[in-house]
Amino acid sequence: MSLVVDNIAELITNDPELGAGPLGIVTDASVVMDGGTVLSVGPAGAQAERRIDAGGRCVLPGFVDSHTHLVFAGDRSEEFTRRMAGEPYDGGGIQVTTNASREAGREALRSALARRLVEVHRAGTTTVEIKSGYGLSVDSEAELTSLAAEVSSESTFLGAHLIPGEYQGRADEYVDLVCGPMLEAVRGHVRWIDAFCETGAFDAGQSRAVLEAGRRAGLGLRLHANQLGHGPGVQLGVELGCASVDHCTYLSDDDIEALAASDTVATFLPATDFSTRQPYPNARRAIDAGVKVAIASNCNPGSSYTTSLSFCIALAVRDMHMTIDEALAAVTTGGAAALRRNDVGRISVGGPAHLTILDAPSRHHLAYRPGVPLIWRTLGADYRLPSADEKPTTEPE
Ligand code: NIG
């Protein structure tokens, strides 16, 4: 059955051939769709079998969240509270979530993931990447990646998230496990491989070994880099041809130069810098130098427990000096580029009908009205939401 979203005050298509400027903005617009595909974009008043009256609201392409860790069990709110009292973040809490996730069991993990996906959808996100990384054993990483793969084609193996307790002092043995039996157990479930290249996690040599093993297994590459300090991560990611290097909180001139000369996207995770009291990355310098950028939520229980890309946009505009248009592009076409996709993050004829309708007349409200429920409706998604008969429980884990 065809559907028209009519009476749109401001439609962002991200297609300059459809509308004004780089965001392809159409005013007084309508979008007609059928069977999950956009049929036409045009002036208000188009006809279809069903109609949603947007009532003068703003319509955007659904957000593309290219960095999340949505499969986990447990709660680290006390760690967050200690951090707000001055304790620094060092990533060590990954082991706490790993212990909880190993113990939780498949059904509890599946239910928690489903609950978070409902939240992701309500937040206006229609494409989501999901990492493992809280299993850190062959069986547990296989479980987490298979759960991610049940719901999203953008699933990522992050066995190299932390050296688990039982491998303390035997880091190289753990890297061999990740590159060998663990990768073998998960490769059928994932599109991407990732590593946490940081002091206290994996050094450049170990990260390189993991990503190169992933490449040999046919996976695309991404890397957590330069989150807690300057380091080799960004340059390693560029050298290996990663689709994205994520965090980039600390960027040297050489890092910016290398990124600008490459196809690697710098994915900023401002909710993480907010929640860990890190400085914000110098996005302005990176963008002005020609670096391709994305913004993602990094939803995880330790460093960034939010699914809200609206919140990330507000932080990017307020604290990273990005314009609203840059920030909006970063969570749509930027996120898509970080996943090497050009079908999502835009509204184009023949493309997927993934639309986010704001309860506001223009995109400016995303930064102007932080913290309010600004998403009126989300249409379509690239991931599988729970059906009515498998509705996730609402009680806390
Ligand atoms: O991207 N930095 C590594 N991984 C996550 C945090 C994980 C955690 O603290 O549980 C991140 O911030």
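Counting starts at 1 for both ligands and their atoms, following the listed order.
Remark: Phe274 pairs with Phe311 by the ring pair (Phe, Tyr, Trp, His ring centres under 6.0 Å) rule, at least two apart or across chains.
Listed by chain and number, His67, His69, Arg76, Tyr89, Ile94, Tyr134, His161, Phe196, His224, Gln227, His247, Asn298, Asn300, Gly302, Ser303 each place a non-hydrogen atom less than 4.0 angstrom from ligand 1.
Remark: Arg122 CZ is loosely packed, at most 12 non-hydrogen atoms of other residues, nucleotides or ligands lying under 6.0 Å away.
Residues His247 and Leu269 are in side-chain contact: their nearest non-hydrogen atoms beyond the backbone lie under 4.5 Å apart. Glu141 has its side chain within reach of Phe157: a pair of non-hydrogen atoms, C-beta onward, lies under 4.5 Å apart.
Alongside Tyr368, the hydrophobic cluster contains no other residue (criterion: ILVMFWY side chains under 4.5 Å). Its side chain outside the 4.5 Å cluster rule for every partner, Val265 clusters with none of the Ile, Leu, Val, Met, Phe, Trp and Tyr residues.
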